[in-house]
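Computation of the quantities below employed the complete heavy-atom set of this structure, encompassing side-chain atoms and omitting hydrogens, waters and symmetry-equivalent molecules. Labels below follow one simple rule: chain letters A, B, ... track the order of the sequence lines, proteins then strands, and each chain is numbered from 1.
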Amino acid sequence: MLLSAIIFLPLAGAVVILLGLNDPKKVRLWAVFIGFVELVLGFLCFYLFQTADIDLKDGMELVEKYEKWIPVLNIQYHLGVDGLSAPLVLLTSLLGFCSIVASLNIQLRIKEYFMWLLILQSAVMGVFISLDFVLFFIFWELELLPMYFLISIWGSGRKEYSAMKFVIFTLLGSAFMLVSILGLYFSTGSFSIIALPALVSEAKLFMPAGTMFAFLFLAFAVKLPVWPVHTWLPDAHTDAPTAVSVMLAGVLLKMGGYGMIRLAIGIFPGEAQDWAWVIATLAVISVLYGAVCTVRQTDLKKLVAFSSVSHMGYVLLGISSVVGVGGSVSSVGLTGAAMQMFTHGTITGLLFLVVGLIYDRAHTRHIPDLGGLASNMPFVGVAFLVAGLASLGLPGTSGFIAELLVFLGTFEVWPIITTLSVFAIVLTAGYILWMIQRTFFGPAISRLDEVGDVSLVQAVPLVILMVSIMVVGLYPSIISDAFALGLEPIMESLQTGARS
Amino acid sequence: MNFLLFLPELTLAAVAFAVLAIDLFTPSGKKWILTPTSVLGLIIVLLVSISYLYGKQESLYDGLFLIDDFSLLFKGFFIILGILVILSSHDYIKEHLKHPGEYYGILLLSILGMVLMSASGELLTAYISLELLSFSLYVLVSYGSNGFKPSEAGVKYILLGGLASAILLFGISQIYGVLGTTQFRGINEALTSSSSLDSGVLIGLVMIIAGLAFKIAAVPFHMWAPDIYEGAPTPITAYLAIGSKAAGFALIIRLFAQALMPAMDDWQIIVIILSALTMTFGNLVALAQHNIKRMLAYSSIGQVGYLLMGIATLSYMSTNGIILHLAGYGVTNLAAFLCVIIFYNSSHKEDIEDYSGLADKSPFLAMALSVSLLSLAGLPFFVGFTTKFYLFTVVANAGLLWLVGVAITASVISLYYYLIVLKQMYMVAPTNDAQVNISVLNRSLLWVLTLSIVILGIFPSPLVRIIQSASSAIFS
């Protein structure tokens, strides 16, 4: 029941807001309450997963299954977490709570806002927990609706354009995914995410496996995002309200990475290995192109948004190591990719929160108009520094571990490409340090004298995220062990197909 | 022969004439009584049909009419649709239309036409039922009293509808001339026994497909639909978009499955082309519409394209898919049109930009319209997704994955124009201060429809089971 509760609690909370709550104060309190319970449930889920006796066959825990949901098509209500999804559930509950707390200063149409935010959280949780491909797809699509409203009503700048662009890009991707889902169903008669890998390897396929893999890959590549289908991301991130950017960068992008590892690679390991060179090439382009674009940005939020393109490129780079070398595939690269997803969630979440706080106080995100903020808002400055340093991969922070694993895993397989990607670190260090220096240090601007530090409530999400960055940085095995465990079934199938 | 099997149809005809008669003796202030009378009559017919015909498999008049679960299901579908349309017309009529008696009487007769269409087992009977439906609709379409649009719609519909009927009739005569029978069973036997298809039969086949494609508004036989949808009274537009299409598909399923199945290789490609054209064109042109009724008209043309995919791969499974999608589409579209009716009742406007700021004026109406539009677009948790998914899966299963690809692309496009309406309602400030009043009747009706969209979207299984028994009657 725990997983169902995790998915449907925010949805139920949203319904309560819709039907029963009108007083803004009560709506806020209720949303925070729901977010907090969800956070507790997220931790509980992770804890139960960690302490459970893992059944090594498929590694799924806390499974819930109702087989007769839509029996004619063999669609089941099937939930479960394994090592790959449990940390992401934790991440979602963490960032969900942070974004609710960070939204308490929203003044416009409060009731609807929190309703959509809660629905969004339900949808993302559903994506990570579903073990039936149709259920997965339902939640995958459901997430569009709240995002569309959240960006286009509470956003800034060209918000309607950005919201529509986001929706169209994602929908186009999911159209490809749907074709692939139908192709898989026709070949195997099953929608079960757990059963499909085995079934596909035996079944007579209705369409070429390469095509189905490419379609799935494309759908997830849009979400991740990968160059050249990344263009929705800077727009959507920049124009979304702060808390929504946090959710978008923190967990929504991870849906792409998660889908890529669990579905595209999990179901078609052989095809993934055949096309690994394409994946690696796209990865290095994303990493470098994203980094170069980031350096040029003068809008604080756009800067953080572009840095996401570059950082999600590392995820793809880690994934490209699946081809292995000399007949053996190491799990280091994929673990690194998964770690990068988790750490990027916390780090970029924190960056967006800080940018939002700066904008609230200074009323501008234009970097040349800012300066010397550290003296007026020291706490925010510390948070920004922590996030920035983690983002550039300083040892001791979670960003370091993830990038290290990715590079370790891929260097053997793609030496040249990895070497090229490593140079992005220099660029990252450049833009991060330069950004911090220009906004928080340097001569103070008199216009910003009145700017104050955060209140206690606003500090809560900052502290939560800083702590998680530090904890994972100093003791990464809490998360990485889980990921490694979850990747085991995929590694096995990759091993059998590895080229010698 | 057991004439009692015909009891529901006879009762329906009696109700229709009773309503016409009651209208004569009712003073103009008490015309409201006609609504409950018609609804009560339809409920009685529904109960009679279900209790008496359930599970029966017989034929009347030597195969002219077929009594089976398929015709029973569609009987139920049309009668429930009729009840809902009559209820949603109640306020609209009070505001905008004169002579409610004839309106209800003719509406009931058109239901009779649809019921007969789904039960006919012979071409001429089907044709006559279709004409009963069409003639009723000609009158109903031109019933509005505001300006020239209703008359324009009526004249267009009669002229083009007459042409289509003539083409259909010509096709029927070709079939009869070559095969010597108009009975579905006989046609099937004749086609099975002959090794190659006679060119006369082929011409007849093409003519019949063209005539029926006109009735369901498939591209390129759709030209009439947008003008007529726009000009007709809105409840009738809803009725046209759902009822006459469902009746057309009921006839097409039975005709193609029971009579023309042996010639599937010959007509399949025609239907595939029609389907691809219809869904692409309908959804693309819907993008450019400003009037919400025209937009819904083109969107329903797009839906016909999806349904035709099922016909192109006609089998037991795809029949399930077609009927399921018809049911889901029916509920959803009715909800959407009810919102349009409610909005028109209080504002007398029906352009998409008039919906600006509706979320402020009436959050409930805005929510209901959003739910139904998103369900039309096929977003998950709503019935539109479930039924579309089922239909697409079945078609993909039959080997037409590329066509499903076209359909998926078309539905991606469709989301754009639905979102434009949502944008008007939620993000644009109100441009006029017209109040939106919803009567208790309409409010409860809308609640029922909206909840069914959600409930059927999450738990379609009971509905699927009913539909399965209906399609197994066709493919036994």
Side-chain angles (χ1 to χ4, degrees), chain A residues 11 18 68-75 77 109 111-112 116 119 122-123 126 134-145 148-149 151-155 159-160 163-164 167-187 189 191 206-207 211-212 215, chain B residues 317 320-321 324 359-360 363-364 366-367 370-371 374 377-382 385-386 388-416 418-420 422-423 425-428 457-465 467-468:
Chain A
L11 205 60
L18 173 71
K68 297 208 176 94
W69 184 31
I70 305 178
V72 255
L73 293 179
N74 197 10
I75 301 175
Y77 178 77
R109 293 157 85 171
K111 196 170 146 165
E112 288 168 69
W116 289 124
I119 293 176
S122 272
V134 177
L135 199 60
F136 174 90
F137 186 74
I138 287 177
F139 286 117
W140 180 276
E141 294 272 280
L142 180 66
E143 151 269 327
L144 286 178
L145 206 55
Y148 176 74
F149 282 106
I151 297 177
S152 60
I153 297 180
W154 292 274
K159 50 189 181 175
E160 284 165 17
M164 197 55 112
V167 168
I168 288 176
F169 265 77
T170 312
L171 263 186
L172 217 61
S174 28
F176 281 102
M177 174 163 36
L178 187 55
V179 172
S180 188
I181 294 178
L182 293 180
L184 279 170
Y185 176 67
F186 182 39
S187 310
F191 285 120
F206 166 65
M207 79 208 242
T211 316
M212 285 197 271
F215 282 4
Chain B
M317 278 305 273
N320 287 339
L324 186 64
D360 289 342
F364 170 62
M367 183 209 59
S370 315
V371 166
L374 292 172
L379 250 65
F381 276 108
F382 304 126
F385 171 79
T386 318
K388 227 187 226 178
F389 188 82
Y390 189 104
L391 185 62
F392 288 7
T393 314
V394 170
V395 175
N397 244 327
L400 284 179
L401 196 61
W402 69 270
L403 194 61
V404 175
V406 176
I408 293 172
T409 318
S411 32
V412 172
I413 295 173
S414 74
L415 185 61
Y416 183 82
Y418 296 125
L419 277 184
I420 287 179
L422 260 67
K423 188 179 119 186
M425 294 192 297
Y426 284 94
M427 284 146 222
V428 179
I458 300 173
F459 283 113
S461 295
L463 186 64
V464 174
R465 233 168 283 134
I467 290 171
Q468 276 174 331

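- Contact annotation for B:L374: only side-chain heavy atoms (C-beta onward) come within less than 4.5 Å of a heavy atom of chain A.
- When A:L145, A:L172, A:I168 are compared by the number of non-hydrogen pairs under 4.5 Å with chain B, A:L145 comes out ahead.
- With a 4.5 Å cut-off on non-hydrogen atoms, A:W140 does not touch chain B at all.
- Looking at A:F191, only its side chain comes within 4.5 Å of chain B, counting heavy atoms on both sides.
- Remark: the backbone N or O of B:A407 is paired with a side-chain donor or acceptor of B:S411 at under 3.5 angstrom.
- In B:Y416, the OH atom is not crowded: 12 or fewer heavy atoms of neighbouring residues, nucleotides or ligands sit closer than 6.0 Å.
- If you tally non-hydrogen atom pairs under 4.5 Å between each of B:I458, B:L422, B:L419 and chain A, the highest count goes to B:L419.
- Not a single donor-acceptor pair under 3.5 Å links the side chain of B:T393 to the backbone N or O of A:L182.
- Using a 4.5 Å cut-off between heavy atoms, A:F139 touches chain B through its side chain atoms alone.
- Other residues, nucleotides and ligands contribute only 12 or fewer heavy atoms inside 6.0 Å of the NZ atom of B:K423.
- Using a distance-only test at 3.5 Å, with no hydrogens or angles considered, no donor-acceptor pair links the side chain of A:S152 to the main chain of A:A163.
- In this structure, the portion of B:T386 lying under 4.5 Å from any heavy atom of chain A is its side chain and not its backbone.
- Contacts between B:Y426 and chain A at a heavy-atom distance below 4.5 Å involve backbone atoms as well as side-chain atoms.
- Between A:F176 and A:F215, the two ring planes are perpendicular [angle over 60°; tilted spans 30° to 60°].
- When heavy atoms are compared at a cutoff of 4.5 Å, B:V404 approaches chain A solely by way of its side chain, counted from C-beta outward.
- Residues A:W116 and A:R109 are not in side-chain contact: their nearest non-hydrogen atoms beyond the backbone lie 4.5 Å or more apart.
- The most heavy-atom pairs under 4.5 Å with chain B, out of A:V167, A:L144, A:I153, come from A:I153.
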